[in-house]
Amino acid sequence: RLIDGVFQGCFVFKSASKKRKRQLGVDQLNKKVLDSLAEFIKKHGLGCSSDVWRQRASEIPTAALMLGVNVPDHAMTFRSLCNLLQDSVTPFVVSVHAKECAGLLIQKVLEQLMGSGVSVDEEKEDDTALLQRTPCTISALCQWYKTVTKKCIQVSPERKENLTNNDLPQSLPVVVIFKDFEAFNSQVLQDFILICSRYTQELPFVFIFGIATSPSAIQHRLPHSVSSLLCIEVFHSLSCTQHLASVFDKLILNAQFPFKLSSRVIQVLVGVFLYHDFNVQNFVKGLQFSMLEHFNSQPLSLLCCQKQEALLSAKTLSKQNVEQIRHLPSFMRYVETQEPQEQVRLLTNDEHVKEVCQTLLKNLHKYHKNYYPILQCLHSLTSSLPKFPLGKHIRELHVSCIEKNLWETEEYDSALQLLRILAKDELVAALRKCAETLKSANTKRMQNALQQLEDFIGRLETLEGKLDSVSKMEYQKTDLFQLQKTLLEKESRRTKRMNSFEVLRSQVMDFIDSLVREYLTPAEFQPLNEVCYYSSSGVLRHHPFYYLKVTDHSFRLTRRQSIYIFLHCFICCIAELPKLKHKPPTKSQQKLFL
């Protein structure tokens, strides 16, 4: 009833009234670069005028998409790119892989284009049958393109008279995507580009090169005579760590998503991502598996849902569920803090337990709503400090907060000391970021914290920052020994006085410290945290999902090391061969051999 489906990074929470979906795809992570590629093709492929796109007749617009070496989600990225281009730019999109077209690049391109679903009214079937008998040449593609585009783009004579040149339909570009540019045969690429450059007037080609290394790979694969036929623009996609940060922001560090992960589970998933595959899709699958395992192994996971649904479920708990709540470690700690009479009621009265459970669930949801804004504020303050005492990424700070009291660590003390010596401009800029974060929070406590923070910002901006006037020392003629003695006496008597900015800065840091101590308490201190938090890191670590990835990586690493050791020993043996003396085997050796 609570979980409707988990598929391809999509989490669906279903209730009787409505469905809420939280989707995560690579098209969202790479939305900026995908939109830039779409604008590039619209600008350079839709028959734009020469003042916008100045190129020679034989040049082909080419986008070099830099994907990175350690980003195995290339297939999802290209799939999202193809869908975006087909929906918003042109239906003529072809994506080719090096393994599929070793020496048949033109044939693969023509097969995908002529077999693509293009709406050509009722004569589509006859045209398809005719094209199947057409030879695979660029000339045949030109004829097919003219036939299809005439039927796709038709304007009545009456409407054509009322349209300007800019309003007239433009030719649709033919986009060819090379998924793994470095893997293609160099001679095949050269022949294909040379042939296409001769038909740029009939076919508006646009190329997209998927490059894993660097833009210089184009010059290494293609000679100047061929690369000069391409008008190249470089586009950079997000790195794998940026993808991981997006996943954390949208799914894990989100109060609207009721399912949570413990610190050890997060460390396991992040360890697989950073040290084994760098795969965002596999990280999301690990998150999905954790959620399914939680709902399968934890009977009280029926309370892991949105607030109103959880309260309704708490009212209808069975006697078995109530007994399971009493055995939760967090609930047992809660009972121990109550008065003796209240402890008896909690251990004997089931209806009272249900009422208390509703209150505790409300507090748990309030905890999450207040936790994440303060966590983001603290990260914005400390992420730019030298040596990153609390971590460079927010996931590191989150793990530290949910597993122990952050303010009791040495890293927090060092971060607070660095914050207490910030300059005025740096402090104001950091506090403004905190204010922007708190504006999105809709709880009363966060709004009160926002008002106090804005008050501090206003006082800092109006502060002149001048040091208080210090009384001038009157010096008299004396010898060096007497002067040194006088200065030491005055230094020992003088107490350090802070100026107005230092006093205000100290107040701001005390205020931030109070927020951290109040709202960034570990999750295990919250009653009923087991309902939402999945903490079985051992199950996840020994599951085939994790085990296969780690063993596969370890096997490949061991194999490389073994090959190195074997080659090293083999070379040493070759070097020692001239020194070896060929002697006949002894009798004992012959007996051992037999």
Show the numbers, then the answer: is there a side-chain contact (heavy atoms from CB on, under 4.5 Å) between L203 and I138?
CA-CA 9 Å; L203 288 172; I138 299 296; 4.1 Å; yes

Any side-chain heavy atom of V93 within less than 4.5 Å of one from N83?
no

Main-chain N/O of A435 paired with E454 side-chain donor or acceptor, under 3.5 Å:
no

Less than 4.5 Å apart, any side-chain heavy atom of T77 and any of V33?
no

Taking the basic N atoms (NZ, or NE/NH1/NH2) and the acidic carboxylate oxygens, is any pair closer than 4.0 Å for E436 and K439?
yes

Between CG of L84 and NZ of K31, what distance do you get to the nearest 0.5 Å?
9.0 Å

Parallel, tilted or perpendicular, judged at 30° and 60°: which one describes the rings of F259 and F257?
perpendicular

Has the side chain of Q447 got a donor or acceptor atom that lies under 3.5 Å from a matching backbone atom of A441?
yes

Approximate separation, where rounding is to 0.5 Å, of H393 NE2 and F388 CZ
8.5 Å

Which heavy atom of M446 sits nearest to which heavy atom of T443, and what is that distance?
CG-OG1, 3.0 Å

When rounded to the nearest 0.5 Å, the distance separating CD of Q267 from CD of E396 is 10.5 Å

Side-chain heavy atoms of L292 within contact of N296, under 4.5 Å
no

Close side-chain approach of H365 and K362, heavy atoms under 4.5 Å:
no

Rounded at 0.5 Å granularity, tell me how far CD1 in I218 sits from CD1 in I232.
4.0 Å

Separation between NE2 of H398 and CG of L253, rounded to the nearest 0.5 Å:
5.5 Å

Partner set under side-chain contact (heavy atoms from CB on, under 4.5 Å) for S535, not counting sequence neighbours:
S262

Residue set satisfying side-chain contact (heavy atoms from CB on, under 4.5 Å) with C532, at least two apart, ordered chain then number -> K260, C304, L364

Give the intermediate values and the outcome of side-chain contact (heavy atoms from CB on, under 4.5 Å) for residues F205 and C196.
CA-CA 7 Å; F205 280 109; C196 292; 3.9 Å; yes

Does any N or O in the side chain of S384 come within less than 3.5 Å of the main-chain N or O of S380, such that one atom is a donor and the other an acceptor?
no

Kindly give the heavy-atom pair with the smallest separation between Y145 and P173, and that separation in Å.
OH-N, 4.4 Å

I193 vs F207, side-chain contact (heavy atoms from CB on, under 4.5 Å): CA-CA, chis, key distance, verdict:
CA-CA 10 Å; I193 294 172; F207 293 162; 4.0 Å; yes

Please name the pair of heavy atoms, one in P215 and one in Q219, separated by the smallest distance, quoted to 0.1 Å.
O-OE1, 3.2 Å

So, the side chain of Q256 versus the backbone of Q306: is there a donor-acceptor pair under 3.5 Å, distance only?
no

In terms of heavy-atom contacts, A217 and F181 come closest through O-CE2, 3.8 Å

Under 4.5 Å between any side-chain heavy atoms of L431 and L453, yes or no?
yes

Give me the ring orientation class for F283 and F273: parallel if the planes are under 30° apart, tilted from 30 to 60°, perpendicular past 60°.
perpendicular

With distance as the sole test, does N370 use its side chain to make a donor-acceptor pair with the main-chain N or O of K366 at under 3.5 Å?
yes

Evaluate the side-chain proximity of I106 to F192: yes if any heavy-atom separation is below 4.5 Å, no if none is.
yes

Using atom types as modelled and distance alone, determine if a side-chain donor or acceptor of Q298 lies under 3.5 Å from a backbone N or O of V531.
no

Please report the shortest heavy-atom distance between K392 and H379, naming the atom on each side.
O-CE1, 3.3 Å

Is there a donor-acceptor pair closer than 3.5 Å between any side-chain N or O of E182 and the backbone N or O of T213?
yes

For a side-chain contact (heavy atoms from CB on, under 4.5 Å) check, start with the C-alpha distance between L230 and F209, then their side-chain angles and the critical distance, and finish with the verdict.
CA-CA 11 Å; L230 305 176; F209 293 161; 3.8 Å; yes

Heavy-atom nearest pair, L261 first then I402, reads O-CD1, 3.9 Å

Check step by step if side chain to side chain donor-acceptor pair (under 3.5 Å) holds for S186 and Q190.
CA-CA 6 Å; S186 179; Q190 295 177 33; 3.0 Å; yes

Can you tell me if T137 and S139 form a side-chain donor-acceptor pair at under 3.5 Å?
no

Sorted by chain and number, sequence neighbours left out, ring pair (Phe, Tyr, Trp, His ring centres under 6.0 Å) with H368 holds for Y533

Nearest 0.5 Å please: distance from the CD atom of E233 over to the OG atom of S36.
8.5 Å

Is T437 reaching over with its side chain to a backbone N or O of K433, donor-acceptor style, under 3.5 angstrom?
yes

Compare all side-chain heavy atoms of L520 with those of L378 and state whether any distance is below 4.5 angstrom.
yes

Close side-chain approach of F78 and D180, heavy atoms under 4.5 Å:
no

